[in-house]
Amino acid sequence: MCALGPYDASMCTRSEPTTVIGLMSGTSHDAIDAAAARLWSEDDTLVLQPLGMISEPYPAALRDQIAAALPPASTTMEAVCRLDTGIGHAFAEVAARAAEELTGGGAELVVSHGQTLYHWVEDGTVRGTLQLGQPAWIAERTGTTVVADLRSRDVATGGQGAPLVSIIDALWLSGRRAAAVNLGGIANATLVDPRRPALAFDTGPANALIDAAVRAGTGGAEQFDADGRLAARGAVDQQLLQLLLEEEYYRRPAPKSTGKELFHPGYLDRFLAGRSPSLEDLVATLTALTARTVAAAVGETEEVVLSGGGTRNPALVAALRGELPGTPVRTSDELGLPSAAKEALAFAVLGFLTVNGQAGALPSCTGARHASVLGAIVPGRALPPRTLDRAPRRLRIATD
């Protein structure tokens with residue numbers, strides 16, 4: 001179907017589809033997600049047809065190397081170089097597997113987010129951002145053109161470089177009064193309202209502090225609160241929660257962004273000084289912190305659409321619903337966009353916009369001085385053809 005109704009060549013211009021793979025590893029740095037999609041335009045509507053997703057855990061040694069290099073730890077240029085190559089190889093293997101399993105070898109473009117190692121923020125201004133995973137390895141392994149380094153151009157124009165998924169949310173939820181919330185290591189929200197430009201920002205931690213507490217409390221035997229079981233068995237420490245809510249970041253105006261530079265494993269130490277909560281109570285309290293800060297950031301809206309790994313934590317979803325009584329809270333799966341694949345699919349869209357010469361960030365969401373075409377292109381055997389002659393005004397998810 002075209003944007004104007006049932007497809008009719010006299011009514012609607014439809015482009016040929018491009019098959020794209022999006023690669024993503026978030027702040028939890030536990031796995032590389034690859035999602036494939038066909039993308040085409042129907043007049044001013046961009047249509048996305050998901051083709052499936054695979055997820056491959058990082059090799060244990062590489063994951064340990066990433067964790068060891070993350071702030072506030074110090075590192076060396078040798079370690080950075082080794083990580084850039086190691087992550088590049090890992091992304092390349094996942095891209096090759098996705099091309100074969102999800103597209104039957106028909107991928108025309110790969111879009112790689114890479115792995116964020118540092119997001120440099122001073123006094124609310126982003127000075128730089130660093131994602132590792134050299135895209136040349138992906139292009140060489142797959143023979144496919146690669147778009148990478150999508151955040152830096154937005155930062156260069158005065159933006160936060162995040163959350164870049166906001167343009168997809170704004171197009172997808174166009175015409176609705178809604179909040180799209182991604183619950184990764186860090187939570188981000190896009191607020192869409194037909195009466196004003198979209199607004200987007202990182203709200204604070206989603207799973208980052210919960211995961212850190214679980215790893216520390218189990219000596220590394222567990223990496224996250226599986227199915228929210230620990231939180232469900234615990235009780236919220238209200239005094240500790242109030243201390244955590246005093247974090248200055250929550251009061252900063254949007255647009256804003258953050259990461260494990262702030263919410264790293266050692267962040268909790270100063271709050272826990274003199275306190276000895278059980279692991280269950282600590283996880284319950286951190287789950288309440290995520291729910292409270294997300295709800296406060298969302299404010300009054302007509303619906304909340306969740307995506308990301310946190311949607312698989314029923315305790316977190318229940319806590320968020322409890323903070324938003326009367327507001328429907330659903331997952332993006334219910335609206336046709338696979339929650340687990342959403343960020344990888346979003347980067348597939350961003351790269352598709354790049355090769356078509358279209359801007360990939362909304363200044364109202366990132367704070368940039370102007371919209372820019374994002375990323376750097378590493379050519380493969382052939383560049384994908386340009387199929388967009390204008391910026392899309394909405395996004396439709398095709399389910400067939």
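Positions are given from 1 along the sequence. Keep in mind the model is a prediction, meaning the values are calculated, not measured. In what follows, every heavy atom counts, from backbone to side chain, and hydrogens, waters and symmetry copies are set aside.
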Close side-chain approach of Pro392 to Leu171, heavy-atom, < 4.5 Å: yes
Indicate if Leu345 and Val355 have the same hydrophobic cluster label, given that clusters are the connected sets of ILVMFWY residues with side-chain heavy-atom separations under 4.5 angstrom. yes
Counting distance only, does the side-chain N/O of Ser332 pair as donor-acceptor with the main-chain N or O of Leu337 below 3.5 Å? yes
The remaining residues in the hydrophobic cluster of Leu230, counting side-chain heavy-atom contacts under 4.5 Å among Ile, Leu, Val, Met, Phe, Trp and Tyr, are Ile186, Leu209, Ile210, Val214, Val236, Leu240, Leu241, Leu243, Leu244, Leu245, Tyr249, Tyr250, Leu262, Phe263, Tyr267, Leu268, Phe271, Leu272, Leu279, Leu282, Val283, Leu286, Leu289
Are Arg63 and Asp30 close enough that some pair of their side-chain heavy atoms sits under 4.5 Å apart? yes
Audit row: Glu42, Arg396, side-chain contact (heavy atoms from CB on, under 4.5 Å) steps and yes/no: CA-CA 10 Å; Glu42 294 176 352; Arg396 179 169 69 82; 3.1 Å; yes
If you measure from OG1 on Thr75 to CG on Leu117, what distance do you get to the nearest 0.5 Å? 8.0 Å
Minimal heavy-atom distance between Val47 and Ala398, with the atoms involved, is CG1-CB, 3.7 Å
Under the ring-ring contact (aromatic ring centres under 6.0 Å, His included) rule, what pairs show up with a residue in residues 167-225, not counting sequence neighbours? none
Intermediate values then yes/no, salt bridge (Lys or Arg N to Asp or Glu O under 4.0 Å), Arg196 and Asp193: CA-CA 6 Å; Arg196 58 183 66 96; Asp193 189 324; 2.9 Å; yes
For Arg312 and Asp227, what are the C-alpha separation, side-chain angles and deciding distance, and is it a salt bridge (Lys or Arg N to Asp or Glu O under 4.0 Å)? CA-CA 6 Å; Arg312 298 192 294 273; Asp227 298 321; over 6 Å; no
Could I get the full list of ring-ring contact (aromatic ring centres under 6.0 Å, His included) partners for His29, not counting sequence neighbours? none
In the structure I gave you, are the side-chain heavy atoms of Leu23 and Asp33 within less than 4.5 Å of one another anywhere? no
Using the salt bridge (Lys or Arg N to Asp or Glu O under 4.0 Å) criterion, which residues pair with Asp169? Sequence neighbours excluded. Lys342
Pairs flagged by salt bridge (Lys or Arg N to Asp or Glu O under 4.0 Å) wherever residues 92-107 is involved - sequence neighbours left out: Glu56-Arg97, Glu93-Arg141, Arg97-Glu101
Are the side chains of His119 and Val121 in contact, using a 4.5 Å heavy-atom criterion? yes
For the atom pair CG (Asp84) and CD (Gln115), what is the distance rounded to the nearest 0.5 Å? 11.5 Å
More than 12 heavy atoms of other groups within 6.0 Å of Arg82 CZ: no
Give a yes or no on whether Val294 and Val165 share a hydrophobic cluster (residues Ile, Leu, Val, Met, Phe, Trp, Tyr; joining criterion: side-chain heavy atoms under 4.5 Å apart). no
Give a yes-or-no answer on whether the side chains of His370 and Thr157 include a donor-acceptor pair shorter than 3.5 Å. no
Does a donor on one side chain and an acceptor on the other come within less than 3.5 Å for Asp237 and Thr285? no
Are there more than 12 heavy atoms of other residues, nucleotides or ligands under 6.0 Å from atom CD of Glu303? yes
Look at the aromatic rings of Tyr58 and Phe91 and report parallel, tilted or perpendicular, splitting at 30° and 60°. tilted
Under a single-linkage definition using a 4.5 Å side-chain heavy-atom cutoff for Ile, Leu, Val, Met, Phe, Trp and Tyr, are Val94 and Ile138 assigned to the same hydrophobic cluster? yes
Quick check: does any side chain N or O of Thr354 sit under 3.5 Å from a backbone N or O of Leu374, one acting as donor and the other as acceptor? yes
Is Ser152 close to Asp149 at the side-chain level, that is, under 4.5 Å between some pair of heavy atoms? yes
Side chains of Thr203 and Thr293: donor-acceptor distance under 3.5 Å anywhere? no
Please step through salt bridge (Lys or Arg N to Asp or Glu O under 4.0 Å) for the pair Glu247 and Arg270, ending with a clear verdict. CA-CA 12 Å; Glu247 166 60 52; Arg270 62 189 172 97; 3.6 Å; yes
Regarding Gln160 and Thr366, is there a side-chain donor-to-acceptor distance under 3.5 Å anywhere? no
Listed partners of Glu108 passing salt bridge (Lys or Arg N to Asp or Glu O under 4.0 Å), at least two apart: none
